[in-house]
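Protein chains get the first letters and strands the later ones, always in sequence-line order, with residue 1 at the start of each.
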Amino acid sequence: MIRVRFAPSPTGYLHVGGARTALFNYLFAKHNDGKFILRIEDTDLERSTAESEQSLLNTMEWLGFKWDEGPGVGGEYGPYRQSERMDIYKKMAHQLVEQDKAYEAYVYPEELEKIREELLAQKKSPHYNEEMLSQFDTPERREEYKAKGIEPVIYFKMPYKDYTINDLIKGEVTFKKGTVGDFVILRSTGLPTYNFAVVVDDALMKISHVIRGDDHLSNTLRQLAVFEGMEYPLPEFAHVSMILGPDGARLSKRHGATSVEKYQEMGYLPQSIMNYLALLSWSHPDEKEIMSMEEMVKEFTIERVNSSAAIYDEQKLRWMNGVYIRELDDDELTRYAKKYIIASGLMDETHFKSNYKWIREAVGSLKKKIHQFDEIPEKLEVFFKEPIFKKEWAQQIKDDDTDPAFIELYHQVKSADSWNIPDIYQLFKEVAKRVKVNSKKFYHMLRVVLTGEEDGPELVNVIHLIGRNQMLKRLERVVDMI
RNA sequence: GCUCCUAUCGUCCAGUGGUCCAGGACAUCACCCUUUCAAGGUGGAGACCGGAGUUCGAACCUCCGUGGGAGCGCCA
């Protein structure tokens with residue numbers, strides 16, 4: 001049985017890198033009829049918050065992840081929150097001490113720092129071992145600890161040997177002996193450290209494949225030793241490369257929006273985000289780019305995951321979101337647009353409802369223009385605001401020699417007896433029949449006269465939606481001057 | 001400093017020893033379509049980090065160099 005997990009720590013919003021790791025785990029699990037497990041790594045009490053966890057869960061759901069085991073859904077290997085598994089880690093750590101694979105250390109941080117400095121001064125790696133730390137384990141020190149009510153930390157004895165894994169993405173990776181020294185597995189607070197808790201959890205949760213970012217590759221050495229010390233079978237490993245910012249540095253806040261929440265706010269569709277993220281280090285066998293979740297699940301294999309780092313390209317994500325927006329029908333688009341429109345103050349709830357058909361056409365006319373929903377209100381303004389008339393427009397029209405067309409259009413509009421889209425088309429045909437005109441120039445200036453803008457929604461929609469009276473009014477101002 | 005990972009168009013990917021004067025996508029440029037703009041269509045420009053080696057033959061294999069990234073916490 002294939003069992004994978006995504007194990008975020010609830011210390012902030014879900015990062016796009018994290019979402020990509022989750023996605024790869026998910027695709028791998030679903031492709032192989034396996035289980036996708038969500039585990040919350042909240043052993044860092046200082047930084048973990050319940051709010052972060054909640055937002056993480058919400059975002060995961062919004063993106064479309066469904067976990068088979070984890071917070072909210074349970075499962076037979078729970079609990080799935082590390083903060084609820086404390087006795088397990090404690091028990092495991094002490095078991096290792098009994099087996100002489102780990103030891104207690106009664107050392108104070110200042111003393112440790114001193115050892116470290118000495119080692120550094122001797123140009124040695126700052127690695128600790130039992131010999132260095134056991135000198136502090138005196139009866140007096142033990143008494144002191146007891147009196148102060150603090151617990152000794154537990155160090156894991158790092159065996160002096162090479163470790164090799166066959167990473168599914170990186171291939172054979174060998175960690176040379178002596179690279180790391182003994183390390184803490186249980187803190188003085190009684191809480192486990194990351195490298196220990198992951199192994200205990202992965203082992204107990206019967207995780208078969210550990211798919212994670214390659215920033216954890218170096219940590220794997222310690223984890224390998226712990227797996228061995230606890231006599232648990234090793235899972236398979238697959239280290240996915242990192243996502244970098246445009247400057248080649250690890251993607252972070254200073255590169256702009258990096259949290260999934262932020263993209264949600266800006267009006268990105270979850271399918272665009274997932275589709276784009278899947279394409280970072282992975283590709284469809286036929287180089288297909290736009291894919292549904294089902295297609296991704298169907299085609300995903302770890303062999304096709306590239307092992308080099310990828311630079312995050314927001315522009316391509318934006319393009320892709322545009323592709324998905326264009327696939328939406330007008331009702332769906334309007335549903336998504338609603339909250340942005342209301343938040344902008346262009347319309348209120350009742351106004352929106354009573355003018356639904358009108359707003360739907362207005363929003364629909366924007367479909368090919370937008371890449372994110374938050375662009376909608378601004379582009380909608382032309383339907384709500386009258387442009388401020390500029391005298392230069394009349395001059396420009398005369399220079400373009402399109403003034404006869406404007407005059408003819410004005411008369412046609414004035415005598416028009418109906419105002420639906422086909423009639424508007426007909427009306428323009430009539431104008432063109434009577435006046436020969438450079439259409440490029442004519443339509444451009446017509447847009448300017450009607451909206452005050454150089455570009456915007458479909459002109460027919462603009463004309464239809466502002467209505468005949470507004471059309472006449474706006475035309476009049478310029479026709480009077482030519 | 002030590003250890004590990006990595007290196008194909010500006011960017012993301014394809015390519016697993018000959019089918020590659022290297023293919024697709026984003027971005028860019030030109031043209032076409034068009035009731036402006038956009039969307040769409042067609043086309044252009046654009047890359048195998050450097051050096052050795054293995055081989056009849058290397059983008060693909062090996063080594064060295066260089067560049068980039070990551071880890072070395074009682075953070076995860």
Looking at [X] and [Y], does any basic side-chain N land under 4.0 Å from a carboxylate oxygen?
X	Y	answer
A:Lys441	A:Asp401	no
A:Arg141	A:Glu111	yes
A:Arg360	A:Glu332	no
A:Lys367	A:Asp330	yes
A:Arg39	A:Glu41	yes
A:Lys157	A:Glu130	yes

What is the distance, to the nearest angstrom, from the [atom1] atom on [X] to the [atom2] atom on [N]?
X	N	atom1	atom2	value
A:Glu314	B:A27	CD	P	13 Å
A:Arg47	B:G73	CZ	P	16 Å
A:Asp313	B:U11	CG	C1'	5 Å
A:Ile115	B:C74	CD1	P	12 Å
A:Lys288	B:C26	NZ	P	15 Å
A:Leu244	B:A70	CG	P	7 Å
A:Arg250	B:U6	CZ	P	17 Å
A:Glu287	B:C13	CD	C1'	7 Å

In whole Å, what separates the [atom1] atom of [N] from that of [M]?
N	M	atom1	value
B:C48	B:C61	C1'	15 Å
B:C49	B:A22	P	15 Å
B:C64	B:A7	C1'	15 Å
B:C2	B:A58	P	35 Å
B:A25	B:C21	C1'	23 Å
B:C12	B:C74	P	35 Å
B:A14	B:C31	P	34 Å
B:U66	B:G50	P	16 Å

For [N], the Watson-Crick or wobble partner whose two distances fall under 3.5 Å:
N	result
B:A70	B:U3
B:C49	B:G65
B:U36	none
B:C9	none
B:U28	B:G44

Checking all strands, does [X] fall into the base, sugar-phosphate, or nothing category for heavy-atom contacts under 4.0 angstrom?
X	answer
A:His284	nothing
A:Asp215	sugar-phosphate
A:Val431	nothing
A:Leu280	sugar-phosphate
A:Thr43	sugar-phosphate
A:Val180	nothing
A:Thr174	sugar-phosphate
A:Gln315	sugar-phosphate
A:Gly456	base
A:Ser281	sugar-phosphate

Starting the side chain at C-beta, find the nucleotide from [options] nearest to [X].
X	options	value
A:Ser9	B:U3, B:A76, B:A14	B:A76
A:Tyr443	B:U36, B:C5, B:A76	B:U36
A:Val153	B:G71, B:C13, B:C74	B:C74
A:Ser307	B:U3, B:C74, B:U6	B:U6
A:Glu458	B:A38, B:G24, B:C5	B:A38
A:Ser308	B:A7, B:U3, B:C5	B:A7
A:Val173	B:C72, B:U3, B:C5	B:C5
A:Asp214	B:G69, B:C5, B:A76	B:C5

Could you say whether A:Lys316 or A:His444 is positioned toward the 5' end of RNA chain B, judged by the nucleotide with the nearest heavy atom to each?
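With A:Lys316 and A:His444 compared, the 5'-side residue is A:Lys316.
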Please compare A:Ile424 and A:Arg222 by the position of their nearest nucleotide in RNA chain B and report the one closer to 5'.
A:Ile424
I'd like to know whether CZ of A:Phe136 has more than 12 heavy-atom contacts from other residues, nucleotides or ligands below 6.0 angstrom.
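Yes - once you tally the heavy atoms of other residues, nucleotides and ligands closer than 6.0 Å, there are more than 12.
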When you check the phosphate oxygens OP1 and OP2 of [N], does a side-chain N or O of [X] lie under 4.0 Å from one of them?
X	N	answer
A:Asn219	B:C4	no
A:Ser439	B:U36	no
A:Ser218	B:U3	no
A:Arg304	B:G15	yes

Go through the side-chain N and O atoms of A:Asn195 and A:Thr193 and say whether any donor and acceptor fall under 3.5 Å apart.
no
In terms of side-chain heavy atoms, does A:His239 have a donor or acceptor partner in A:Asp215 at a distance below 3.5 Å?
no
Is there a donor and acceptor pair, one atom on the side chain of A:Ser188 and one on the base of B:C74, closer than 3.5 Å?
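Looking at the base of B:C74, it does pair with a donor or acceptor on the side chain of A:Ser188 (distance under 3.5 Å).
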For A:Phe28 together with A:His209, are the ring centres under 6.0 Å from each other?
yes
Over all heavy atoms of both residues, which pair between A:Arg326 and A:Trp319 is shortest? Give the atoms and the distance, please.
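Result for this residue pair: NH2-O, 4.5 Å.
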Extract from the structure each pairing of a protein N or O with an N or O of nucleotides 39-42 of chain B at less than 3.5 Å, listing the distance.
| unit_1 | atom_1 | unit_2 | atom_2 | d |
| --- | --- | --- | --- | --- |
| B:A39 | O3' | A:Arg326 | NH1 | 3.3 |
| B:G40 | OP1 | A:Arg326 | NH1 | 3.3 |

Quick one: salt bridge (charged side-chain N to carboxylate O under 4.0 Å, His left out) partners of A:Arg47, sequence neighbours excluded?
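Only A:Asp44 meet the salt bridge (charged side-chain N to carboxylate O under 4.0 Å, His left out) criterion with A:Arg47.
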